[in-house]
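This report concerns only the one structure given below.
Here, residue 1 is the first one in the sequence, and each next residue gets the next number. Indexing begins at 1, ligand by ligand and atom by atom, following the structure's order.
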Amino acid sequence: MNAPCRELTLPDELTRALAAIYEAMEEGYDQVAREIGLTCQGCPDNCCDSYFLHHTYSEWAYLWQGLRALEPEQRSRIEHRAVEYQKKCRQALAAGKRPQIMCPLNIDGLCALYSHRMLVCRMHGIPATMTRPDGQSMRFPGCFRCQEIVETKYSQPDQAPCMDRTDLFRQMVGVESRLLGEKRHLAPRVKMTIADMIVQGPPSLPVPHCQR
Ligand code: SF4
Ligand code: SF4
């Protein structure tokens with residue numbers, strides 16, 4: 001008989017490490033947003049309907065820590081919304097369109113899991129740079145509203161303040177490696193929406209001889 005798959009949970013030490021990375025991201029974000037004069041207040045857009053894929057088991061496990069702490073009715077409402085999200089997402093992708101569907105965690109305009117939201121939810125908006133492990137530099141211009149402000153305030157976009165994500169991303173990779181440890185070779189690549197993570201349940205890894 002096959003052994004069951006084993007749930008991947010974040011030990012306390014990695015939970016604290018991830019929370020510290022998130023906190024540093026927020027501080028960096030707030031500082032750059034303040035300097036540029038970007039605020040989400042009154043924005044006609046809502047980034048929570050943007051189509052983003054997420055790539056780490058650590059964030060997936062952290063999200064589930066938050067989901068488990070919700071009242072059962074709230075969690076079941078979110079799970080239902082996640083299934084609906086997936087249906088609409090499949091339809092949009094089948095029609096060759098980029099999905100634009102409200103995140104199942106956005107309830108009445110507010111994030112139901114604010115302290116457990118994903119990295120991209122914390123970083124989207126401001127200009128940022130990153131140096132990839134292969135040495136290639138990347139620059140992100142920020143959201144449309146940020147780009148509008150930058151255009152009016154600075155003669156060149158690269159004169160605007162921006163956040164360097166390199167070190168924080170390196171730390172995220174460190175948390176992911178410590179979480180997976182020697183089981184890394186068993187871990188399929190993560191490429192999921194938040195809805196997928198909710199519907200699929202908490203992350204688990206196939207242990208040898210296990211078939212999901
Ligand atoms: S990040 Fe930018 S586009 Fe998104 S809500 Fe804030 S101001 Fe609007
Ligand atoms: S997790 Fe929260 S902040 Fe991120 S997209 Fe969903 S509702 Fe918005």
Side-chain angles (χ1 to χ4, degrees), residues 10 18-19 21-23 25-71 74-89 92 98-129 139-154 157 160-163 165 168 172 190-203:
L10 281 170
L18 189 52
I21 294 169
Y22 282 154
E23 198 182 324
M25 278 176 185
E26 280 170 19
E27 281 170 11
Y29 184 101
D30 288 346
Q31 190 184 332
V32 171
R34 233 185 349 262
E35 285 169 19
I36 289 180
L38 174 72
T39 159
C40 295
Q41 259 176 5
C43 178
D45 200 358
N46 186 329
C47 293
C48 297
D49 66 6
S50 305
Y51 179 66
F52 287 124
L53 295 170
H54 309 277
H55 300 284
T56 64
Y57 284 91
S58 320
E59 288 208 286
W60 184 359
Y62 196 75
L63 183 81
W64 264 91
Q65 283 187 2
L67 282 166
R68 284 197 162 119
L70 292 174
E71 293 295 326
Q74 177 81 322
R75 191 165 125 194
S76 132
R77 183 180 174 196
I78 286 169
E79 284 169 352
H80 177 74
R81 286 165 60 101
V83 171
E84 288 302 308
Y85 181 103
Q86 282 187 315
K87 268 191 220 156
K88 289 182 189 160
C89 195
R98 187 177 175 86
Q100 192 174 7
I101 308 155
M102 188 51 72
C103 173
L105 290 173
N106 187 304
I107 309 280
D108 303 327
L110 294 177
C111 180
L113 278 187
Y114 192 73
S115 59
H116 288 260
R117 71 198 191 285
M118 313 303 267
L119 175 155
V120 71
C121 309
R122 297 164 198 260
M123 300 297 294
H124 183 70
I126 55 165
T129 53
R139 188 178 171 90
F140 308 92
C143 66
F144 85 95
R145 202 179 197 201
C146 180
Q147 291 180 53
E148 284 174 5
I149 298 171
V150 166
E151 215 168 281
T152 59
K153 281 177 84 168
Y154 305 91
C162 74
M163 183 173 166
R165 299 176 177 177
L168 290 170
M172 285 283 300
V190 176
K191 202 175 169 193
M192 299 165 85
T193 62
I194 287 175
D196 296 333
M197 290 178 169
I198 295 169
V199 172
Q200 194 164 317

- Message: Does Trp60 form a side chain to side chain contact (heavy atoms under 4.5 Å, CB included) with Met192? I'd like the steps, not just the answer.
- Response: CA-CA 9 Å; Trp60 184 359; Met192 299 165 85; 3.6 Å; yes
- With a cut-off of 4.0 Å, which atoms of ligand 2 are near a heavy atom of Ile194? 1 (S), 6 (Fe)
- Message: Within ligand 1, which atoms have a heavy atom of Phe144 less than 4.0 Å away?
- Response: 3 (S)
- Nearest protein heavy atom to atom 8 (Fe) of ligand 1, by residue and atom, and its distance? Cys43 SG, 2.3 Å
- Task: Among all protein heavy atoms, pick the one closest to atom 7 (S) of ligand 1 and tell me residue, atom and distance.
- Result: Arg145 CD, 3.5 Å
- Compare Ser50, Cys121, Cys47 and give the one whose heavy atom is closest to atom 1 (S) of ligand 1. Cys47
- Query: Please state which protein non-hydrogen atom is closest to atom 2 (Fe) of ligand 2 and give its distance, to 0.1 Å?
  - Reply: Cys111 SG, 2.4 Å
- Rounded to the nearest 0.5 Å, how far does OH of Tyr154 lie from CD1 of Ile36? 5.5 Å
- Taking Leu38 as the fixed residue, which of Val150, Ile126, Val32 is the one that meets the side chain to side chain contact (heavy atoms under 4.5 Å, CB included) rule? Ile126
- Message: Quick test of your reading of the model: are Glu35 and Lys153 salt-bridged, counting only N-O distances below 4.0 Å?
- Response: no
- List the closest protein heavy-atom neighbour of atom 6 (Fe) of ligand 2: residue, atom name, distance to the nearest 0.1 Å. Cys103 SG, 2.4 Å
- Message: Taking a cutoff of less than 4.0 Å between a non-hydrogen atom of the residue and any ligand atom, is Leu113 in contact with ligand 2?
- Response: no
- Message: Please determine whether Cys48 has a backbone or side-chain N, O or S atom lying under 2.8 Å from atom 4 (Fe) of ligand 2.
- Response: no
- Message: side chain to side chain contact (heavy atoms under 4.5 Å, CB included) for Met102 and Asn46? Distances and angles first, verdict last.
- Response: CA-CA 9 Å; Met102 188 51 72; Asn46 186 329; 3.8 Å; yes
- Exactly one of His55, Glu59, Arg165 clears side chain to side chain contact (heavy atoms under 4.5 Å, CB included) with Leu119, and that residue is Glu59
- Item | Arg122 to Tyr29 six-membered ring, cation-pi geometry met (6.0 Å, 45°) | no
- Query: Quick one: which ligand 2 atoms are inside 4.0 Å of a heavy atom on Asn106?
  - Reply: 7 (S)
- Query: Which bit of Val120 is near ligand 2, meaning a heavy atom under 4.0 Å away: side chain, backbone, both or neither?
  - Reply: neither
- Query: If you measure from the Lys or Arg side-chain nitrogens to the Asp or Glu carboxylate oxygens, is any gap between Arg81 and Glu84 under 4.0 Å?
  - Reply: no
